[in-house]
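Because the structure is a prediction, the values reported are computed rather than measured. Counting convention: from 1, in listed order, for ligands and their atoms alike. Position 1 is the first residue of the sequence, and the numbers go up from there.
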Amino acid sequence: MKKGALIGCGFFAQNHLHAWQELSGVEISALCDRDTARLRGTADRFNIERTYADAAELLNAEELDFVDIATTVQTHRPLVELAATSGVNIICQKPFADTMEDAQAMTRAADDAGVTLMVHENFRWQSAIRAVKDVLDSGRIGNPFWGRVSFRSAYDVYSGQPYLATDDRFIIQDLGIHILDIARFLFGDARSIAASTKRVNPLIKAEDVATMMLVHETGVTSIVDCSYASLLPRENFPESLLEVDGHTGSLRLLPGYQLVIQSADGTEQQDVSPPLLPWAERPWHNIQESVRNIQEHFIDCLNASASPETSGKDNLKTLELVEAAYLSATDGNRTIQLTGS
Ligand code: NAD
Ligand code: 89V
């Protein structure tokens, strides 16, 4: 049995706790939040007795295999470094860091301490995205040469996550980071990126629209486009739509989780809708299922002493794309060459 503690009992952490409770071989034995009302409410809801207002106290007092850090980005570095020096494994929410320097410091701290560090980069764990990856790996559409990963919505994300309206960065750092990670997952690491951003909603501080073009090491060119300012006939939140063209066919992941595959054998349509877990609610069920899947992967990796798919080191490459996209957008949309971190 792996024993963990959750740090940060806010909006999204409730999903983590539902998922931990559903998984076997893992138990969340303590909670930490500096907001006492949130701490108490979450402890009561999930029936967890041991609670702390301070993460250092938690780590001093508890015998843990891991901590699950579900705070916002500003506190990730101090909490990850604290957990690493305490010798516990770490799963940390995205965005992993505000700067590459912070991200590199955290991966170094984990390496020095010999602990596993995984970033909770969950979109690639959505079942529809996994289904697309399986088709690509099967070779049914041949070698992909072009792709598009698209997330366009007018869903009100600000009421659940008010910081999204006031932070200095918005859609690339919060959502684009997932969509860029999906592009990496499907098409491989990127060699270059160019980006354009826009703020359409006058009531928020930062950009709510971003369009990016990536050239991948595999030779794929991809478009990654995100918007929270697109009022469409059908609201698709929080679906990522996909288009991939390969040498012998193509695929499309259409609204409603409909996957259409065109190959020399003809057209096939599959329903790749995510299951509605007992604790989940529409339309978030797609994200909620991916939370369960990524947390299960984390425990599997701890049990097998294996490196997680979205380890801290792996996530440096997604973060480098985020940083390069902002640089491009503020510097005439120029193409930025990536170093591979
Ligand atoms: P939130 O503000 O609702 O919750 C964060 C909580 O952390 C708060 O209760 C706060 O008091 C607590 N906290 C902050 N610093 C702390 C510290 N040092 N010690 C103890 N407690 C501390 O935020 P949220 O909306 O739940 O988002 C949390 C993270 O989850 C963000 O990084 C966000 O980007 C991410 N998120 C991820 C997904 C996803 O699909 N992966 C979805 C939504 C949010
Ligand atoms: O997944 C996320 O990080 C969320 C949302 C889907 C609203 O962008 O913040």
Q: Please state whether Pro95 comes within less than 4.0 angstrom of ligand 1, counting heavy atoms only.
A: yes
Q: Would you check whether Tyr228 reaches within less than 4.0 Å of ligand 2, judged by its heavy atoms?
A: yes
Q. Given the side-chain rings of Phe170 and Tyr228, with only the six-membered ring counted for Trp, is the space between their centroids under 6.0 Å?
A. yes
Q | Exercise: identify the closest heavy-atom pair between Ser240 and Ile179 | A | OG-CD1, 3.5 Å
Q. Ser86 side chain to Leu82 main-chain N or O, any donor-acceptor pair under 3.5 Å?
A. yes
Q. Can you list the atoms of ligand 1 that are under 4.0 Å from a heavy atom of Asp174?
A. 34 (O)
(Q) Need the ligand 2 atom indices (1-based, order shown) with element for anything under 4.0 Å from a heavy-atom of Gln161. (A) 4 (C), 7 (C), 9 (O)
Q. Is the shortest distance from a Lys or Arg side-chain nitrogen in Asp245 or Arg148 to a carboxylate oxygen in the other one below 4.0 Å?
A. no
Q: Please write down residue, atom name and distance for the protein heavy atom closest to atom 4 (C) of ligand 2.
A: Asp174 OD2, 3.6 Å
Q.
Tell me whether the rings of His18 and Phe46 are parallel (<30°), tilted (30 to 60°) or perpendicular (>60°).
A. perpendicular
(Q) Once you restrict to heavy atoms under 4.0 Å, what part of Arg34 touches ligand 1? Side chain, backbone, both or neither. (A) both
Q. Which is it for Val224 and Phe151 under the side-chain contact (heavy atoms from CB on, under 4.5 Å) test, yes or no, and what are the steps along the way?
A. CA-CA 8 Å; Val224 170; Phe151 187 110; over 6 Å; no
Q: Count the heavy atoms of every other residue, nucleotide or ligand shown that sit under 6.0 Å from CG of Asp271, and state whether that count exceeds 12.
A: yes
Q.
Could you tell me, atom by atom, which parts of ligand 2 come under 4.0 Å of a heavy atom of Val157?
A. 7 (C)
Q | Lys/Arg N to Asp/Glu carboxylate O, Lys94 vs Asp181, below 4.0 Å | A | no
Q: Apply salt bridge (charged side-chain N to carboxylate O under 4.0 Å, His left out) to Asp33 and Arg38, showing your working.
A: CA-CA 7 Å; Asp33 198 301; Arg38 281 187 161 187; 5.3 Å; no
Q) Judging by distance only, is a nitrogen or oxygen of Gln93 under 3.5 angstrom from one on ligand 1? A) yes
Q.
Can you report which non-hydrogen protein atom sits closest to atom 3 (O) of ligand 2, along with the distance?
A. Lys94 NZ, 2.6 Å
Q) Under 4.0 angstrom from ligand 1, any heavy atom of His178? A) yes
Q) In the protein, which heavy atom is nearest to atom 44 (C) of ligand 1, and how far is it? A) Gln161 NE2, 3.4 Å
Q: For Ala70 and ligand 1, answer yes if some heavy atom of the residue is under 4.0 Å from a ligand atom, otherwise no.
A: yes
**Q.** Those atoms of ligand 2 less than 4.0 Å from some heavy atom in Phe123
**A.** 1 (O)
(Q) Please state which option from Thr71, Asp54, Asn122 has its nearest heavy atom closest to atom 40 (O) of ligand 1. (A) Asn122
Q: Could you tell me the residue and atom name of the protein heavy atom closest to atom 19 (N) of ligand 1, and the distance to it rounded to 0.1 Å?
A: Ile7 CG2, 4.1 Å
Q) Heavy-atom distance to atom 27 (O) of ligand 1: which of Tyr163, Phe96, Phe11, Phe12 wins? A) Tyr163
Q. Relative to the heavy atoms of Ile287, which atoms of ligand 1 are at a distance of less than 4.0 Å?
A. 40 (O)
Q: Look at atom 23 (O) of ligand 1 and find which of Val291, Leu175, Thr72 reaches it with the closest heavy atom.
A: Thr72
Q. Under 3.5 Å between some N or O of ligand 1 and some N or O of Arg38?
A. yes
(Q) Just to confirm my output: which protein heavy-atom neighbour is closest to atom 34 (O) of ligand 1, and how far is it? (A) Lys94 NZ, 3.0 Å
Q.
Please verify the inter-ring angle class for Phe12 with Trp284; under 30° counts as parallel, over 60° as perpendicular, anything in between as tilted.
A. tilted
Q: Name the closest protein heavy atom to atom 2 (C) of ligand 2, giving the residue it belongs to and the distance to 0.1 Å.
A: His178 NE2, 3.4 Å
Q) Under a 4.0 Å heavy-atom limit, does Ser290 contact ligand 1 with its side chain, its backbone, both, or neither? A) neither
**Q.** Residues Arg169 and Glu207 bridged, charged N to O under 4.0 Å
**A.** no
Q) Which is it for Trp20 and Ile299 under the side-chain contact (heavy atoms from CB on, under 4.5 Å) test, yes or no, and what are the steps along the way? A) CA-CA 10 Å; Trp20 289 128; Ile299 298 302; 3.7 Å; yes
Q.
Show me which atoms of ligand 1 lie under 4.0 Å from any heavy atom of Asp35.
A. 11 (O)
Q. So how far is it from Met106 CE to Ile90 CD1, rounded to the nearest 0.5 Å?
A. 9.5 Å
Q) Does the separation of the ring centres of Phe145 and His247 fall below 6.0 angstrom? A) yes
Q | Under-4.0 Å heavy-atom contact with ligand 1, by part of Asp33 that carries it | A | both
Q) For ligand 1, which atoms have a heavy atom of Gly10 less than 4.0 angstrom away? A) 3 (O), 4 (O), 6 (C), 9 (O), 26 (O)
Q. Under 3.5 Å, is there a donor-acceptor pair between the Gln14 and Arg45 side chains?
A. yes
